[in-house]
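As structure tokens, the structure follows; a few thoughts come after it.
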Amino acid sequence: PPGPGGLVIPRAGLKQYTQPPDYSGIIIPERTKLKFVDKVPSVPKVRREPRQLRDIRGPSQEATDFTQGQYGILALGGGYLHWGHFEMIRLTIGRNMDPKTMFAIWRVPPPSKPVTRKSLGHRMGGGKGPIDHYVTAVKSGRLVVEIGGHCEFGEVEAFLTQVAKKLPFPATAISRDGLEQMRKEEEEKRLNNQNPWTFERVVTGNMLGMRKYLSPYDLKLKGRYWGKFFLKHRV
Amino acid sequence: KAMHFQRQKLMAVTEYLPPRPAIPPRCLPRQEETRQEENGYARLLRRQVEEAFRDNRMIAVCQYNYMPGEDVVMMRHYLRKHNIEVKFFLNEIVRPVLSQSKYKNLLPLFVGRNVLLVSRETKAKEMLRVLKGVPQINLLGACIDDTILSRKGVEYFARLPPLEAAQGQTVGALALLPSQTSSLLQRGSVYLTALLDQHIQRLRAAETESPAEPGPAQSSG
């Protein structure tokens with residue numbers, strides 16, 4: 001507290017020692033850096049595939065939880081990752097992490113979906129264009145990479161957010177606790193919503209004939225997803 | 001992609017409404033945050049302070065200014081010879097301990113840098129002598145046998161004679177009256193003997209003037 005002249009004399013108090021974190025159960029695998037991913041799969045596809053944008057829509061069913069690592073990048077929207085993104089992730093993480101004490105693993109398969117492009121300047125028509133490059137589809141709620149080892153979230157968060165900003169969909173760096181916290185908050189929001197009218201209720205009961213203006217997928221998506229976007233603020 | 005207007009309306013209607021308690025939390029009295037769990041180290045230090053206050057008869061609080069290391073060691077050595085220990089305690093630990101024990105009046109002493117000199121025996125004279133030789137430590141106050149003394153009080157205490165002498169003095173003072181009882185009781189007969197002696201002397205003096213009469217006065221004397 002400041003004295004009569006407004007002077008504050010700094011005093012040393014008792015030092016509170018904090019326990020160092022316990023890394024007992026963590027096994028660091030042999031290859032700690034991210035594996036190189038090919039631009040083109042080893043057996044390139046001959047048949048051109050239809051667009052199938054439903055692999056971007058809605059929540060993800062696979063790779064939603066942590067397996068080996070403690071921190072990772074969570075996708076909050078849908079999108080396609082191509083080889084350039086993979087290289088960027090691999091190099092940034094490889095540059096910023098310590099290969100002796102930390103390890104990283106891919107939670108996303110290498111590109112396998114062919115994307116066609118017509119050459120520039122041509123009119124419409126003349127068939128489907130040739131295969132240009134390969135991509136992987138990522139739905140919202142999916143983990144892209146996982147980081148683990150003898151490290152704290154604070155150290156890792158820095159370069160993970162750096163990577164997350166460069167991805168084509170919105171993403172965040174997240175830890176195991178952070179993910180649990182997010183899910184808990186969502187659950188709480190759903191339970192203590194004061195609004196008696198929820199999207200789910202309206203759709204399942206087809207109130208006011210709303211299903212005329214909504215898609216049959218909205219039964220599952222319940223108003224939280226719109227195309228590739230994940231609407232976080234909605235209940 | 002653009003939403004149909006009906007869909008937009010539906011989204012606006014089905015938005016999340018957060019719960020609103022009847023009394024907003026900022027009108028309620030502020031709830032004190034739960035105390036952080038006590039440091040085991042702090043508990044240990046507190047126990048040590050309590051022990052020091054319980055075990056020792058003489059506790060002196062001194063102001064401690066910067067002293068070079070060797071001087072500290074020499075001072076400790078001299079005081080250790082007289083069985084006085086030098087203890088450092090942090091104020092923020094000592095203050096709560098004191099405020100809950102009976103030593104509340106020592107609280108104003110524990111401000112700023114201070115040292116505690118504790119001992120089982122009350123050797124105030126030697127302590128003062130050592131502290132006089134070390135100008136960087138100033139005695140602020142002491143608690144000797146559960147009596148709080150200021151700096152002057154300690155000096156007076158040091159000038160008191162040692163315990164045996166004081167005990168001897170009190171015994172002598174107390175024994176003064178009983179020693180007089182025997183003389184009191186004998187006073188009557190002593191007075192009588194003195195009077196008779198005087199009488200004899202007067203008779204003898206009268207005798208020397210007339211030596212012809214020895215006598216029956218002697219036998220009666």
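Per chain, numbering begins at 1; letters A, B, ... match sequence-line order.
- Between the NE2 atom of His233(A) and the OH atom of Tyr16(B) there is a distance of 13.5 Å, given to the nearest 0.5 Å.
- With rounding to the nearest 0.5 angstrom, the CG atom of Leu214(A) is 10.0 Å from the CE atom of Met3(B).
- Atom NZ of Lys45(A) sits in a crowded spot, with more than 12 heavy atoms from other residues, nucleotides or ligands closer than 6.0 Å.
- Paired with Tyr213(A) under the rule side chain to side chain contact (heavy atoms under 4.5 Å, CB included), one option of Lys9(B), His4(B), Gln8(B) passes, and it is His4(B).
- Within 6.0 Å of the CG atom in Leu28(B), the count of heavy atoms belonging to other residues, nucleotides or ligands exceeds 12.
- A 6.0 Å sphere centred on OH of Tyr23(A) holds more than 12 heavy atoms belonging to other residues, nucleotides or ligands.
- Of the atoms belonging to Leu231(A), it is side-chain heavy atoms, and not backbone ones, that fall under 4.5 Å from chain B.
- Inter-residue side-chain proximity for Arg7(B) and Trp226(A) is flagged as met; some heavy-atom pair is nearer than 4.5 Å.
- Enclosure of atom CZ in Phe5(B) is not indicated, since only 12 or fewer non-hydrogen atoms of other residues, nucleotides or ligands lie within 6.0 angstrom.
- The local environment of NZ in Lys220(A) is sparse, with at most 12 non-hydrogen atoms from other residues, nucleotides or ligands closer than 6.0 Å.
- Checking side-chain atoms of Asn195(A) against main-chain N and O of Glu15(B) turns up a donor-acceptor pair under 3.5 Å.
- Note: Met210(A) CE to Thr14(B) OG1 = 10.0 Å, rounded to the nearest 0.5 Å.
- Within a 6.0 Å sphere centred on CG of Leu208(A), other residues, nucleotides and ligands contribute 12 heavy atoms or fewer.
- If you measure heavy-atom distances from Pro19(B) to chain A, the contacts under 4.5 Å come from both the backbone and the side chain.
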